[in-house]
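Each remark here refers to the structure printed beneath this line.
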Amino acid sequence: QVRLVESGGGSVETGGSLRLSCAADRNTINRRGMGWFRQTPGMGGREGVASMDTSGRTNVAESVKDRFTISRDNAENTLYLQMNNLKPGDTAIYYCAASSASPALSAPLLSDYFRYWGQGTQVTVSS
């Protein structure tokens with residue numbers, strides 16, 4: 001079992017910034033595929049936002065490219081999502097996820113690829 005704990009969500013105005021953190025068990029973020037997903041009420045599934053494989057290669061959704069950045073701190077066992085220029089459409093619960101694959105040679109923005117999930121953190125962007 002892999003434990004993931006998100007933090008850093010909150011309420012901001014349009015154009016604001018937030019940094020989400022995902023604290024993981026030791027040797028998780030540098031040995032598994034890691035991802036950030038988001039979900040809103042009524043959404044059928046979770047939308048992939050950004051992901052990173054074991055080597056550090058990233059995938060970022062077109063809808064947030066140039067605004068969101070995924071990164072990790074191996075020493076701190078923490079995954080980050082820096083979100084800039086936030087828009088009301090970014091309002092959602094954001095989840096951190098880890099793959100069962102270790103190492104992960106890729107990390108697609110597909111929720112089915114990820115096995116372990118955090119509890120989520122709410123991000124609300126007002127206009």
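This is a predicted model, so every value here is computed, not measured.
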Can you check whether [Y]'s main-chain N or O pairs, donor with acceptor, with [X]'s side chain at less than 3.5 Å?
X	Y	result
Thr69	Gln82	no
Thr40	Ala92	no
Arg32	Ser100	yes
Arg57	Ala107	no
Glu6	Gln119	yes
Thr14	Ser126	yes

Supply the atom-to-atom distance [X] [atom1] to [Y] [atom2], rounded to the nearest 0.5 angstrom.
X	Y	atom1	atom2	answer
Thr78	Met34	OG1	CE	9.5 Å
Lys87	Arg67	NZ	CZ	4.5 Å
Thr28	Asn77	OG1	CG	7.0 Å
Leu18	Ser11	CG	OG	8.5 Å
Ser99	Leu110	OG	CG	12.5 Å
Met52	Arg72	CE	CZ	5.5 Å

Worksheet item: Which one of Tyr94, Tyr95, Trp117, Tyr113 satisfies the ring pair (Phe, Tyr, Trp, His ring centres under 6.0 Å) criterion with Phe37?
Response: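 For Phe37, the ring pair (Phe, Tyr, Trp, His ring centres under 6.0 Å) test succeeds with only one of Tyr94, Tyr95, Trp117, Tyr113, which is Trp117.
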Worksheet item: Applying the side chain to side chain contact (heavy atoms under 4.5 Å, CB included) test to Val123, which of Thr91, Leu20, Ile93 qualifies?
Response: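 Running side chain to side chain contact (heavy atoms under 4.5 Å, CB included) over Thr91, Leu20, Ile93 with Val123 returns exactly one hit, Leu20.
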Worksheet item: Do the side-chain N and O atoms of Asp53 and Ser106 include a donor-acceptor pair separated by under 3.5 angstrom?
Response: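 Note: Asp53 and Ser106 side chains miss the donor-acceptor criterion.
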